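Whatever order the structure lists ligands and atoms in, that order sets their numbers, starting from 1. Since this is a predicted model, take the numbers as computed values, not measurements.
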Amino acid sequence: MMKKHTILVVDDDKTNLQIVRDVLEAQYELQLAISGAMALKFVDRRKPDLILMDLMMPGMDGKETVRRIREKPENRSIPFIFLTASQSPEEEADCLNMGASDFITKPIVPNVLERRISRILELEDFHRDLQAKVEEKTRQYQELALESIFAIVNIIEAKDELTEGHSVRVASYSMALARAMGYDEQKVDEVYQTGLLHDVGKIGIPDLILKKEGRLTTEEYGEIKEHTSIGGHILAAIETMGYLADGAKYHHERFDGTGYPNGLKGEEIPEIGRIIAVADVYDALVSKRHYKEPMDLETARQEILRGSGTQFDPRIVKVFLKLLDEGSIRNIRTQT
Ligand SMILES: [Fe+2]
């Protein structure tokens, strides 16, 4: 059996309370209050599913009581119905404008009261149910998106065992940067996902070049550079997450305009590209590569600082150095 709904009835007239009680008590759990102050206490103790509120009461009137109840955000979803002896259309409009679900005139007609209340509660239940379903679907959708992204990361990293963990670390550094730069949590998630896929274009680069030890020829280096455009092209297919392509495409642009693939300069480079650029280079510096040994942390720090304003956006370098100095970046590295 369904749990009984709780209804808070507020009326200074005890005869009225009695009538309402006779009509509703068989079906609902009732809280009866004879003043606004008492109503506030009831709501604090237990949130009702619906409020039936007399308009005219001595002291705190019905509208004021509702306003006070709704000051608390958690109470804003409680539907309320005003009860009034007035027949004025202005009053009715005023109540509905306040957000009342309905407006019932006294004297109370038991059948009307019953029907209106059950209809509103049914709608509320339906609405809550729908909201829960939407939330569940949204969660599933986000999970699927992230799982698909990780599957692609596995493809990228399967190509080169030395870069294992690079995507996750770059994503995590970029996420920390975005958060420290004041991004909201949704954008922070987007930056994380973009960081994960920044090197997806390496799928299109021959292994011989990718894993070559020692110096690359000019042609080989030219081919490596292609991973940015290739990545941008691959990710352009995921239109609902349009930001992904920007990260892959622009993470090798340089702030002074001498980067690739487009030679964009300063703020022309999408910010996500500028963020990933710092995270990517730092991780590459302190990691082993086919062509080099890992650099120690202090030298890497100086290297990033040296690139401020030429290779990197100085504003982002500043935030990154702060994260580095307070230990956040090192913590991420040990955790991922
Ligand atoms: Fe790259």
What do you get for the angle at the Fe ion (ligand 1) between NE2 on His251 and NE2 on His227, to the nearest 10 degrees? 100°

For the ring pair His166 and His198, is the centre-to-centre distance below 6.0 Å? yes

Asp280 near the Fe ion (ligand 1) via N/O/S, less than 2.8 Å: no

Within less than 2.8 Å of the Fe ion (ligand 1), any N, O or S from His252? yes

Looking at Glu326, I want to see if its CD is surrounded by more than 12 non-hydrogen atoms of other residues, nucleotides or ligands under 6.0 Å. yes

Return yes when atom NZ of Lys322 has more than 12 non-hydrogen atoms of other residues, nucleotides or ligands closer than 6.0 Å, and no otherwise. no

Tell me which N, O or S atom from Asp199 is the closest to the Fe ion (ligand 1). OD1

So does Arg254 get a backbone contact from the side chain of Arg274, meaning a donor-acceptor N/O pair under 3.5 Å? no

